[in-house]
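Sharing a structure here in structure tokens format.
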Amino acid sequence: MERRSFHDEQSRNKRDSILLAIVVSAVLFALIVSISYLFDPSSVAIMVPLGIMFTGIYTWSSYQYGDKVVLMSTNAQPAEGNKYIYLNDTVEGLAIAAGIPKPDVYVMPSMELNAYATGKDPENASIAVTQGLLDTLDRQELEGVIAHEISHIRNKDVQFMTLVAVLVGIAGILSHMILRSWRFGGKRRSDKNNGSIDVLILGIGFLLAIFAPILSRLVQMAVSRSREYLADASAAEMTRYPDGLADALEKLGKHNRGDMKVSESVSHMFISDPNKTALDALYSTHPPIEERVKRLREM
Amino acid sequence: MIWTIVGAAVVIGGALVLIYVNYYNKIQTLSNRIEEAWAQIDVQLQKRYDLLPNLVNTVKGYASHEKEIFEGIANARAGMVTGSRQARVEADNMVSQMMGRLFAVAEAYPDLKAQENFKLLQEQLEGMENKIAYARQFYNDTVLDFNNVVTTIPGVWFAGGRGKEDFLEIPDEARTAPKVEF
């Protein structure tokens with residue numbers, strides 16, 4: 001029965017992705033045309049084909065390069081070399097168990113315990129884990145977390161989740177990246193004569209930051225929490241050891257303070273909420289860890 | 001009247017052909033997937049086969065008197081690439097057990113243990129052991145899917161006499177499948 005259910009999940013994600021692309025393209029196109037109409041009614045004749053072209057390119061490149069944007073925005077570096085043999089082996093083993101090609105593996109420098117998967121389909125997918133996760137979890141716990149991410153890839157959750165993050169949340173991702181580079185490296189660049197360009201980019205960063213929270217809320221509303229429970233269950237099936245993931249989740253809950261400072265537009269992709277905000281009390285982006293652990297322990 | 005009967009026969013015949021094609025393709029696809037799953041195991045067995053002499057030679061430099069273990073590994077290693085699938089997987093399991101003893105021996109030689117090359121080999125070989133276990137699991141999952149189709153109605157009518165495929169069994173498998181409900 002479980003095999004059937006992951007095929008169902010795949011077609012649900014495919015359908016959701018297409019629906020999302022259509023809705024976002026339509027809204028964007030309507031916005032472009034109506035704004036240009038307000039400024040100059042005669043410009044509509046040019047803006048309709050231009051708008052179609054723009055929304056088409058925007059949607060296509062979000063699908064095509066969304067994973068690269070997400071990886072860049074979370075500061076993920078490729079996991080290469082002898083230091084990461086063990087991580088790469090674990091990912092490869094579980095990819096074999098799931099019957100998918102081995103995803104690319106990335107490491108984020110944070111000491112929080114977290115991980116996510118992204119990609120446009122199971123053949124072009126990536127998994128990113130934090131350095132803290134590698135340092136803290138034991139073998140079975142790490143296998144549990146990786147199996148959870150592999151399940152997201154096999155179920156095609158990553159396709160939909162990446163598309164949502166980039167298509168809807170791009171303003172949040174961009175403003176986050178711009179403001180971060182300004183905070184950490186602004187001084188050394190602005191003493192050159194391209195200072196005015198820096199100011200312009202920074203201005204765009206602040207402008208986008210105004211829209212970011214609204215769009216991020218839309219992102220989170222689009223992503224249902226049932227995907228997390230399903231990926232947990234698939235991970236347990238794959239590793240034949242539900243307690244591995246349950247132990248890992250308990251460690252995540254105990255250890256993490258939620259200060260990874262990633263854009264809210266991508267926070268739904270992580271296995272545990274990377275940012276703790278005041279809004280969490282009203283609407284949490286992640287199902288409660290206690291409930292997930294309880295379900296795993298009962299398997 | 002006659003045309004009604006002819007029409008009904010054509011519709012029913014067409015439906016039967018469609019059902020046949022559907023099940024024929026399903027059975028072929030699953031059968032191909034079993035071969036794919038075996039190829040995954042084969043790749044890992046081959047890699048391990050190639051890497052083992054490096055490990056043995058490295059340890060030999062320090063503990064040349066452990067002849068019994070070296071011979072055990074050599075014998076089991078030869079079985080990894082010949083014989084039936086079941087026999088090859090069992091040979092690999094034997095290699096894992098002998099390797100466990102080899103690593104236990106290595107504990108007594110701090111110089112050997114500290115060697116970068118040895119550590120790397122140990123990590124790689126153990127990683128392959130894990131991958132083989134997962135590849136075997138995927139193989140057995142696929143065989144189960146195949147067997148479910150060819151032994152139940154209506155699949156069994158279209159299987160053309162194809163019987164069940166064998167699982168790859170490892171006697172002392174510690175992992176058992178948990179019950180998963182969605």
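Every chain is numbered from 1 and lettered A, B, ... according to where its sequence line falls, protein lines coming before strand lines.
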- Side-chain donor-acceptor pair under 3.5 Å between A:Thr74 and A:Tyr116, yes or no?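 Present: a donor and an acceptor within the cut-off.
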
- Message: At a 4.5 Å cut-off on heavy atoms, which part of A:Ala98 comes close to chain B: side chain, backbone, both, or neither?
- Response: backbone

- Side chain, backbone, both or neither of B:Glu36 within contact of chain A (heavy atoms, under 4.5 Å): neither

- Message: Report which part of B:Gln40 has an atom under 4.5 Å of a heavy atom belonging to chain A: side chain, backbone, both, or neither.
- Response: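 Interface part for B:Gln40: side chain.
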
- Geometric class of the B:His65/B:Tyr109 ring pair [parallel <30°, tilted 30-60°, perpendicular >60°]: tilted

- Message: With a 6.0 Å cut-off (strictly less than), is the heavy-atom count around CD of A:Glu123, excluding the residue itself, greater than 12?
- Response: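 Check passes, neighbour count above 12.
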
- Item | Face-on cation placement of A:Arg292 at A:Tyr229 ring, 6.0 Å and 45° thresholds | no

